[in-house]
Student: 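Take this structure, written in structure tokens, and hold onto it; I'll ask about it next.
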2 protein chains.
Amino acid sequence: MPAPRAITTGTAKESPPAYQQIKNFVLEKIQSGAWKEGDLIPTELALCETFKVSRMTVNRALRELTADQLLVRYKGSGTYVAQPKFQSTLIEIRSIAQDIRERGHRHSSKVLLLDSVRASELQARRYRIAPGALLFHSVIVHYENETAIQLEDRLVDAQAAPGYLEQDWAALTPNEYLMRVAPLPTGQYSIEVKLPNREVAAALDIAPTQPCLVMDRVTFSKNAFTSNATMWHPGNRYKFTGRY
Amino acid sequence: MPAPRAITTGTAKESPPAYQQIKNFVLEKIQSGAWKEGDLIPTELALCETFKVSRMTVNRALRELTADQLLVRYKGSGTYVAQPKFQSTLIEIRSIAQDIRERGHRHSSKVLLLDSVRASELQARRYRIAPGALLFHSVIVHYENETAIQLEDRLVDAQAAPGYLEQDWAALTPNEYLMRVAPLPTGQYSIEVKLPNREVAAALDIAPTQPCLVMDRVTFSKNAFTSNATMWHPGNRYKFTGRY
DNA sequence: TAGTGGTCTAGACCACAGC
DNA sequence: CTGTGGTCTAGACCACTAT
């Protein structure tokens, strides 16, 4: 491919920027199987010649593909096609309220409980806080139209969100509120199947024999515990879905 | 080069590259709340002065933060702190075999069924293929040590993976095989709770009353249907976990 | 030593936004 | 119009790898 870039030549219409064309070129090679996992691909200087661009432009293209985990690069050695990610699925769990609204339905919620507690020994270890530290506790049911689809049982660190008990949960979900007071969260999650206890079943208006999809999430902001949410979804009327 | 950058001054030890220091600076401003959602942040030229670096260096820092969805940028206008992503959780579901091995356990599998079928009208619509197209069908149980933890019921497009029926599934999982013949997959998934039918329950060695965590995934490569996998996990001995 | 990628500079031209 | 970000250049020095 002599490839005279054909990029801004003549009076041709707009074309993607050069770095994008190089990205597309590499993507096509990988997708077509011409370059396979582990293969050494052309050097930056070689691609500079091929595309008639400067090294910074090639570098940007390859760097972005590396950030996307499609390539791996080694100083002094070269650029290689990365190990495929074994069809790992990236799932995005969004705010329940946002999710419902995007389906064109109405979100509402009911606060079942709102108080404060002291951290137990077990909680202190799990959340990396001091035993006896003040925690706020909320239990809220979320409705899609008139149907309960999530019971959100949440513990919040009082220092991270001092105003937690005074919020208006009709206007803002705990999720949305916490994103404001504790940005850039990190943490862990699990998704599993559980049977609801009597209170959960009653709040969600399901039989105690109805298994639930339960997501548990512990979040930290600035390396300090922020919140632990346990979200119960009736298995007969809720599933996680998405694209990747 | 006048500009002694203040960054690598003196005989100080290694310091992160300039673009990373700028990223850290911006991250700290956001995390501390000094810059809030929607705020206009300093221009590239202003940051060039502050950090005594060239514009390309500042541009790289801000561009990467924009790719991470922490900033939004508008030509002619400026750079703003992005809307927070409402604690949306990115979940990575990996290859079952890889998952098991990383826990330090032994993965094995048993092929229960391997044959070919013709696409029904319903499948043809869902997969965007011709009715009657040739599909391969496999049912495989995956074991962690000696315990069944996943039943993988999979349909594969015969054109996308012609050699599917001849693979050695002890050496390579279908997932791993498909990543090689159909790279860069896209698609949809769902995660839900279901009761197993008699065959699934028997294969997983669970009671028919034991609810399962079921992940369904349809994948396309090069815009053509590749595979539809339905993965059943006993709810009493499996959960999805991860970090973000 | 020669070749690779990692980073950085000091300019440049462009499209677009707001005045 | 000025100021913003989007892209690009033609160099440069460095750390690292392979030989």
Side-chain angles (χ1 to χ4, degrees), chain A residues 3-26 38-82, chain B residues 1-9 11-26 35 38-82:
Chain A
R5 257 187 74 196
I7 293 184
T8 36
T9 48
T11 56
K13 324 176 145 202
E14 315 178 353
S15 57
Y19 77 88
Q20 186 60 56
Q21 296 190 35
I22 297 170
K23 287 179 71 170
N24 292 343
F25 171 80
V26 174
D39 282 1
L40 182 64
I41 79 165
T43 66
E44 293 191 347
L45 284 176
L47 289 168
C48 288
E49 296 236 326
T50 304
F51 286 91
K52 308 293 180 209
V53 297
S54 75
R55 203 186 135 210
M56 274 302 271
T57 301
V58 170
N59 181 268
R60 172 172 176 180
L62 299 186
R63 186 155 34 78
E64 291 184 358
L65 290 171
T66 302
D68 293 342
Q69 314 223 311
L70 290 165
L71 300 175
V72 284
R73 318 194 75 193
Y74 302 104
K75 255 193 285 202
S77 175
T79 302
Y80 303 81
V81 178
Chain B
M1 211 169 316
R5 257 187 68 198
I7 291 181
T8 38
T9 47
T11 56
K13 324 176 147 205
E14 316 178 352
S15 58
Y19 76 88
Q20 186 60 55
Q21 296 189 35
I22 298 168
K23 286 179 71 171
N24 291 344
F25 171 80
V26 174
W35 294 350
D39 282 0
L40 182 63
I41 78 166
T43 68
E44 293 191 348
L45 285 177
L47 290 169
C48 289
E49 296 234 327
T50 304
F51 286 91
K52 307 297 183 206
V53 297
S54 76
R55 204 187 133 207
M56 273 301 272
T57 302
V58 170
N59 180 267
R60 173 172 176 180
L62 298 186
R63 186 154 35 77
E64 291 183 359
L65 290 171
T66 303
D68 293 342
Q69 315 222 313
L70 290 165
L71 301 174
V72 284
R73 318 193 73 193
Y74 302 103
K75 256 193 284 203
S77 175
T79 302
Y80 303 81
V81 179

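So that the names make sense, note that chain A is the first sequence line, chain B the second, and so on, each numbered from 1.
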Student: Write down the distance between CG (A:N59) and P (D:dA10), rounded to a whole number of angstrom.
Tutor: 16 Å
Student: Are the side chains of A:F51 and A:T57 in contact, using a 4.5 Å heavy-atom criterion?
Tutor: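 Side-chain contact under 4.5 Å: no.
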Student: So, is B:Y19 near the phosphate of C:dT7, with a side-chain N or O under 4.0 Å from OP1 or OP2?
Tutor: yes
Student: Could you state the atom-to-atom distance from CG of A:L47 to P of C:dG3 in whole Å?
Tutor: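 Rounded to whole Å, this separation is 17 Å.
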Student: Please determine, for the side chain of A:E44, which listed nucleotide (D:dT4, C:dA17, C:dG6) has the closest atom?
Tutor: C:dG6
Student: Would you say the side chains of A:N59 and A:R55 form a donor-acceptor pair under 3.5 Å?
Tutor: no
Student: Rounded to the nearest 0.5 Å, what's the gap from CD on A:E44 to CZ on A:R63? Could you check?
Tutor: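 Reported value, rounded in 0.5 Å steps: 9.0 Å.
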Student: I want to verify a distance call: between C:dC8, D:dC8, C:dG6, whose nearest atom is closest to the A:K75 side chain?
Tutor: C:dG6
Student: Quiz question: going by heavy-atom distance under 3.5 Å, is there a donor-acceptor pair between the base of C:dG6 and the side chain of A:R55?
Tutor: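 Looking at the base of C:dG6, it does pair with a donor or acceptor on the side chain of A:R55 (distance under 3.5 Å).
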Student: May I have the distance from A:K52 (atom NZ) to D:dT7 (atom C1'), rounded to whole angstrom?
Tutor: 20 Å
Student: Check whether any side-chain nitrogen or oxygen of B:T79 sits under 4.0 Å from OP1 or OP2 of D:dG5, and answer yes or no.
Tutor: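 For D:dG5, OP1 or OP2 has a side-chain N or O of B:T79 closer than 4.0 Å.
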Student: Whole-Å distance between C:dT7 P and A:E64 CD?
Tutor: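 So the two atoms are 14 Å apart, to the nearest Å.
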Student: Could you state the atom-to-atom distance from CG of A:L45 to C1' of D:dA12 in whole Å?
Tutor: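 After rounding, the reported distance stands at 13 Å.
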Student: For A:R60, answer base if it contacts any base atom (sugar-phosphate contacts may also be present), sugar-phosphate if it contacts only those atoms, and nothing otherwise; contact means non-hydrogen atoms under 4.0 Å.
Tutor: sugar-phosphate
Student: Whether A:T43 contacts C:dG3 is assessed here as follows: a side-chain N or O lying under 4.0 Å from the phosphate OP1 or OP2. Is that the case?
Tutor: no
Student: Pick the closest DNA chain D nucleotide for A:Y80 and for B:R63 by heavy atoms, then say which residue is nearer the 5' end.
Tutor: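 By nearest-heavy-atom nucleotide position, the 5'-most residue is B:R63.
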Student: How close or far is atom P of C:dG18 from atom OH of B:Y74, stated in whole angstroms?
Tutor: 11 Å
Student: Take the protein atom CG of B:L71 and the nucleotide atom P of D:dT4, then report the distance between them rounded to whole Å.
Tutor: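 For the pair B:L71 CG and D:dT4 P, the rounded distance is 16 Å.
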Student: So do B:V26 and B:L70 actually touch side chain to side chain, heavy atoms under 4.5 Å?
Tutor: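 In short, these two side chains do not touch, never coming nearer than 4.5 Å.
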Student: Specify the separation, in whole Å, of atom CZ of A:R73 and atom C1' of C:dT7.
Tutor: 12 Å
Student: Among A:I22, A:V72, A:L71, which residue satisfies the side-chain contact (heavy atoms from CB on, under 4.5 Å) criterion with A:L65?
Tutor: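 That would be A:L71.
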Student: Any side-chain N or O of B:T57 below 4.0 angstrom from OP1/OP2 of C:dT9?
Tutor: yes
Student: Can you identify which nucleotide, out of C:dT9, C:dT4, D:dG6, has its nearest atom closest to the B:S54 side chain?
Tutor: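 Taking heavy atoms from C-beta onward, the closest nucleotide is C:dT9.
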